There are 2 protein chains.
Amino acid sequence: MGNVMVAAKARSSSRSKEKIREENELIILIAAEKVFAKHGLKGATTKQIADMAILPKSNIHYYFHTKLNLYRYVLESILVDWMKAADTFDTFDEPREAIRYYVGAKMDLSRTRPFGSKVWANEIISGAPVMEEILSSRLKKWVDTCVNSINTWIELKKIVNVGDAHTLLYMIWATTQHYADFEYQVKILNNGKRLTDAEFEEKKQQVIDLVLRSVGLNP
Amino acid sequence: MGNVMVAAKARSSSRSKEKIREENELIILIAAEKVFAKHGLKGATTKQIADMAILPKSNIHYYFHTKLNLYRYVLESILVDWMKAADTFDTFDEPREAIRYYVGAKMDLSRTRPFGSKVWANEIISGAPVMEEILSSRLKKWVDTCVNSINTWIELKKIVNVGDAHTLLYMIWATTQHYADFEYQVKILNNGKRLTDAEFEEKKQQVIDLVLRSVGLNP
DNA sequence: AAAATATTTGACCATTTGGTCAGGTTATAA
DNA sequence: TTATAACCTGACCAAATGGTCAAATATTTT
């Protein structure tokens, strides 16, 4: 028993201030992502976030000061992940491969980080009051390059002329994010059972094939 | 001046109790749909709804008793509209026409009733706590018939084998509803300008064509 | 016309909520 | 070892919120 105490003490002592901050911020961010996903910015309470993080409420305020501030951090963190996945769009010359990888990556993100997607969806649905600036600067810029890629493919007759490249992009976003944002509906319509990993891989392939055919490519 | 008073009095007197109830309930439902769309069930306040309806808060409680009850009515009302539009799916034998009309109808609903779509999205994102029963009964049943139609088309080689019919259905839902749920993002990425009616018709055609090609049909 | 029924609304209340703060503990620098 | 800075948290508070209610007004029925 004394050993346990000593070990606990030692472990506790070895946590540097830096590590403590790092760990707690992460714990809070993960908890906040879940709570914001379920209740939105206004609906989420700092108490819920604190309970989810198994920390006293004051601790949340100590690290992030205000709820709005914490919300911003959550959204920023999601955007970083999304942008990373989005890079694959440029790394392939052939639209078949580019689309295959991009859609695949977006599906994977919907599977691995569904709460982030939901927070984002919530933010946009409620009028993007917090992210408007970032949308019209960072995201707009990225979308423009994406649109350029697609238009080049169209000019080179590598894919069908879809009219406005945005329409294709939105279809990809909407379809892939559906599996995160509407996962409860998907679950209910799958006889109440969450998709297994194997099932999800199937759907991913099907989505990829749908998108490829939609631009005139044979999967 | 006396005439105006008399006219006002007469008009006021002529409103029957029945009409009063009908009108006020509609006013409140429309206001509530907007507020719930922006803030979700928990985030929306009865005060906001009252202000949007230009009525005292007590009046909202008089007609709908609780906020949750009002929320239920809003969701029910949306589902009715959606089901109506969805009927077109069965009225055509040829998939080309069926898909064309269904996707078109869903796009039109996204344009004409974006707030309803947002409330629905919010409800699903937050785990469908209120609509779960209706989802697993009414919606499930409708989806099953839809899936049957699609599978028949596949068996008859009228469309490509998409694997799971749900995947196609979800793509249609997600893509069409994107123009309602994510309209602020669409606006921002359209250089801050909301899509005009003409532009929206263009996008609608493009979406229809994308979906048709995705199942191997030439638009 | 008067009784009965339905609508309207300001005042009110218990509860919840975001946020503060003082006083304590723990780690680190001197 | 001691001083300093960072971390921790229970207690607290002002504001907001969902909902109630009684009294006033308007319509309908008898």
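Heavy atoms only: backbone and side chains are in, while hydrogens, waters and symmetry mates are out. Lettering follows sequence order; numbering is per chain, from 1. Please read these numbers as outputs of a predicted model, since none were measured by experiment.
Phosphate proximity of C/dA6 to B/R21: absent, as no side-chain N or O sits under 4.0 Å from OP1 or OP2. For B/Y62 and C/dT8, the shortest distance from a side-chain N or O to OP1 or OP2 is not below 4.0 Å. Within the 4.0 Å cut-off from OP1 or OP2 of C/dT8, at least one side-chain nitrogen or oxygen of B/N24 is found.
Across C/dG19, C/dT9, C/dT7, the shortest atom-to-atom separation from the side chain of A/T66 is found for C/dG19. Which of C/dG19, D/dC7, D/dG10 sits closest to the side chain of A/I20 comes down to D/dC7. Residue B/K67 places its side chain closer to D/dG19 than to any other of C/dT17, D/dA6, D/dG19.
Within 4.0 Å of A/K17, counting heavy atoms only, lies at least one base atom of the nucleic acid. Among the atoms of the strands shown, none is found under 4.0 Å from any heavy atom of A/A50. In this structure, B/S58 reaches the bases: a heavy-atom distance under 4.0 Å links it to at least one base atom across the strands shown.
Distance A/H61 NE2 to C/dA22 P: 17 Å, rounded to the nearest Å. Taking atom CD on B/E25 and atom C1' on C/dT8, their separation rounds to 15 Å, with Å as the unit. Protein atom NZ of A/K47 is 19 Å distant from nucleotide atom C1' of D/dA16, rounded to whole Å. Atom pair B/H65:NE2 and C/dT7:P shows a separation of 15 Å (rounding to whole Å applied). Spacing between atom CG of A/L41 and atom P of C/dT17 amounts to 14 Å, rounded to whole angstrom units. In this structure, B/D51 places its CG atom 13 Å from P of D/dA16, rounding to the nearest Å. With rounding to whole Å, B/K42 atom NZ is found 10 Å from C/dT17 atom C1'. One interatomic measurement links the two molecules: NZ of A/K19 to P of C/dT28, which rounds to 12 Å at whole-angstrom precision.
In this structure, the side chains of B/V147 and B/H166 come closer than 4.5 Å at one or more pairs of heavy atoms.
For the pair B/G43 and A/P56, nearest-nucleotide mapping onto DNA chain D gives the more 5' position to A/P56. Along DNA chain D, the nucleotide nearest B/E18 and the nucleotide nearest B/A44 are compared for position; the residue whose nucleotide lies closer to the 5' end is B/A44.
Remark: of the listed residues A/E23, A/E25, A/E18, A/E25 is the sole one forming a side chain to side chain donor-acceptor pair (under 3.5 Å) with A/R21.
With no hydrogens or angles considered, no side-chain donor-acceptor pair links A/Y170 and B/Q185 at under 3.5 Å.
The side-chain tip of B/K118 points at the ring of B/F115 from less than 6.0 angstrom away and within 45° of straight on.
Evaluation of atom-type donor-acceptor distances gives a pair under 3.5 Å for the side chain of A/K57 against the base of C/dG18.
The aromatic rings of A/F200 and A/Y179 sit perpendicular, their planes meeting at an angle over 60°, well past the 30° parallel limit.
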